[in-house]
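Below, all heavy atoms of this structure are taken into account, side chains as well, without hydrogens, waters or symmetry copies.
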Amino acid sequence: MLRFYLAVTVCLALISTRSWTQEKDKKSELLVAAAADLNPALHDIAQQYEKKTGIGIKLSFGASGALTQQIENGAPFDLFFSADMDYPKRLIVEGQADAASLYQYSLGKLVLWVPASSPLDVEHQGMAALLDGSVKKIAIANPEHAPYGRAAVAALKHAGLYDRLADRFVMGENVSQAAQFAESGNAQAGFVALAHAMSSAAKSLGKFWVVPADYYPPLEQGAVILSRSQHKKEVAEFLQYLKTKDASDVLRKYGFTLQN
């Protein structure tokens with residue numbers, strides 16, 4: 001009987017230790033929602049930060065508008081990176097985010113991307129290359145909830161090409177999906193984020209033209225800490241890390257224009 005009680009005691013101790021360890025691990029992981037254009041850069045930054053601090057960063061990417069709706073519907077994120085400052089500001093007005101934490105970390109850049117094998121000379125012709133008869137489909141992010149989609153529409157209208165090309169659009173849920181359509185051949189060209197075009201995975205696959213910044217409203221990108229976060233201190237420290245030289249160098253590497 002004594003052995004039985006000892007065995008039970010040991011088992012309970014192990015269960016308690018395991019539960020405490022799991023809870024500790026859970027507390028050391030921050031849940032971050034981020035605009036799709038940040039995918040390559042934020043992965044690098046998160047890996048740097050975890051190596052430096054031991055704090056895990058779990059990333060979920062999507063269109064800024066879609067992520068905003070998820071947050072409004074109760075998604076348990078700690079921090080939100082948006083490709084459009086209007087979305088974090090909306091969350092602040094709704095009481096879903098901390099106004100004092102709002103930080104504009106960069107300006108995004110839009111590019112017109114085609115596969116490396118494409119005969120289109122986008123690097124010299126820019127958007128005029130899209131008038132070529134071989135272009136049957138043009139990938140853009142859905143402008144209803146993706147800032148890069150709205151930027152693409154604005155740029156095409158600025159160039160006087162929107163009405164001539166609108167029936168060729170294939171819509172991605174976000175700018176990363178628009179890039180996938182172009183890379184896979186489901187579209188002959190795509191409007192994507194410079195950050196994607198600059199990623200190691202995409203560099204060898206295509207060529208691109210940087211759309212002039214005055215063709216579309218600025219892609220002002222901002223981060224904000226969410227009100228329901230249970231880890232505000234840790235999240236604030238990660239957001240502060242984003243302002244360091246190490247993190248800034250990563251953002252510049254992927255073509256983001258940083259704010260002073």
Side-chain angles (χ1 to χ4, degrees), residues 33-43 59-70 80-90 104-115 122 126-127 129-130 137-159 161-162 165-166 168-184 186-199 201-203 205-223 251-259:
D37 68 320
L38 270 178
N39 195 323
L42 200 54
H43 266 119
L59 302 170
S60 294
F61 295 98
S64 297
L67 290 172
T68 298
Q69 290 178 352
Q70 290 179 30
F80 176 39
F81 287 90
S82 173
D84 184 335
M85 288 286 284
D86 285 346
Y87 289 119
K89 289 177 180 176
R90 177 169 121 188
Q104 183 179 331
Y105 59 86
S106 75
L107 290 174
K109 294 180 182 177
L110 180 72
V111 304
L112 176 59
W113 188 96
V114 298
V122 294
M127 281 189 281
L130 297 175
K137 298 294 181 183
I138 302 165
I140 70 168
N142 189 333
E144 289 188 11
H145 50 241
Y148 278 89
R150 291 195 289 274
V153 168
L156 285 161
K157 289 181 176 179
H158 180 94
L161 296 175
Y162 180 81
L165 298 173
R168 305 186 198 180
F169 294 162
V170 288
M171 300 284 187
E173 280 303 301
N174 53 63
V175 72
S176 290
Q177 190 173 67
Q180 290 170 11
F181 288 158
E183 289 174 0
S184 66
N186 289 318
Q188 287 71 50
F191 285 94
V192 309
L194 175 61
H196 179 85
M198 296 285 287
S199 69
K203 268 187 176 180
L205 297 178
K207 51 191 177 181
F208 60 90
W209 174 69
V210 179
V211 180
D214 60 352
Y215 277 36
Y216 55 91
L219 286 162
E220 297 177 338
Q221 312 209 325
L251 289 170
R252 288 193 183 93
K253 171 186 171 184
Y254 288 101
F256 290 101
T257 299
L258 304 193
Q259 301 303 292

For this session: Check the pair Tyr162 / Phe169 against ring pair (Phe, Tyr, Trp, His ring centres under 6.0 Å), numbers first and verdict last.
Result: CA-CA 10 Å; Tyr162 180 81; Phe169 294 162; 5.7 Å; yes

Problem set entry | Ser176 side chain to Ala36 backbone, donor-acceptor under 3.5 Å | yes

For this session: With the side chain counted from C-beta on, respond yes when Lys157 and Tyr216 share a heavy-atom pair under 4.5 Å apart, and no when they do not.
Result: no

Problem set entry | His145 side chain to Glu173 backbone, donor-acceptor under 3.5 Å | yes

Exercise. Salt bridge (Lys or Arg N to Asp or Glu O under 4.0 Å) with Arg252: which residues, sequence neighbours excluded?
Worked result: Asp249

For this session: Measure from the ring center of Tyr87 to the ring center of Phe80 and say whether it is less than 6.0 Å.
Result: no

For this session: Apply the test side chain to side chain contact (heavy atoms under 4.5 Å, CB included) to residues Val192 and Tyr148: give CA-CA distance (whole Å), side-chain angles for both, the deciding distance (0.1 Å), then the verdict.
Result: CA-CA 7 Å; Val192 309; Tyr148 278 89; over 6 Å; no

For this session: Look up atom CD in Gln221 and atom CG in Leu258, then write down how far apart they are to the nearest 0.5 Å.
Result: 10.5 Å

Problem set entry | NE2 on His196 to CG on Leu38, rounded to 0.5 Å | 13.5 Å

Exercise. So do the side chains of Met127 and Trp209 get within less than 4.5 Å of each other, counting heavy atoms only?
Worked result: yes

For this session: Please examine the side chains of Leu156 and Leu165, heavy atoms only from C-beta on, and report whether any two atoms are closer than 4.5 Å.
Result: yes

Exercise. Atom OH in Tyr105, atom CG in Leu42: separation rounded to 0.5 Å?
Worked result: 8.0 Å

Problem set entry | Any Arg150 side-chain heavy atom under 4.5 Å of Asp84 side chain | yes

Problem set entry | Phe181 vs Met171, side chain to side chain contact (heavy atoms under 4.5 Å, CB included): CA-CA, chis, key distance, verdict | CA-CA 9 Å; Phe181 288 158; Met171 300 284 187; 6.0 Å; no

Seminar exercise, completed: For Gly126 and Leu112, the nearest pair of non-hydrogen atoms, with its separation, is O-CD2, 3.7 Å

Exercise. Does a side-chain heavy-atom distance below 4.5 Å link Val211 with Phe191?
Worked result: yes

Exercise. Is there a side-chain contact between His43 and Phe61, using heavy atoms and a 4.5 Å cut-off?
Worked result: yes

Exercise. Between Gln188 and Lys137, is there a donor-acceptor pair closer than 3.5 Å when you use the side chain of the first and the backbone of the second?
Worked result: yes

Problem set entry | Expected output: side-chain Arg168 to main-chain Leu130 donor-acceptor under 3.5 Å | yes

For this session: Any chance you could measure Leu219, atom CG, to Met85, atom CE, to the nearest 0.5 Å?
Result: 12.5 Å

For this session: Taking the side chain as every heavy atom from C-beta outward, state whether Tyr254 and Asp37 have any atom pair closer than 4.5 Å.
Result: no

Seminar exercise, completed: Those residues at least two apart in sequence (or on a different chain) that pass salt bridge (Lys or Arg N to Asp or Glu O under 4.0 Å) with Lys253 are Asp44

Problem set entry | Side-chain donor or acceptor of Ser106 paired with backbone N/O of Gly108 under 3.5 Å | no

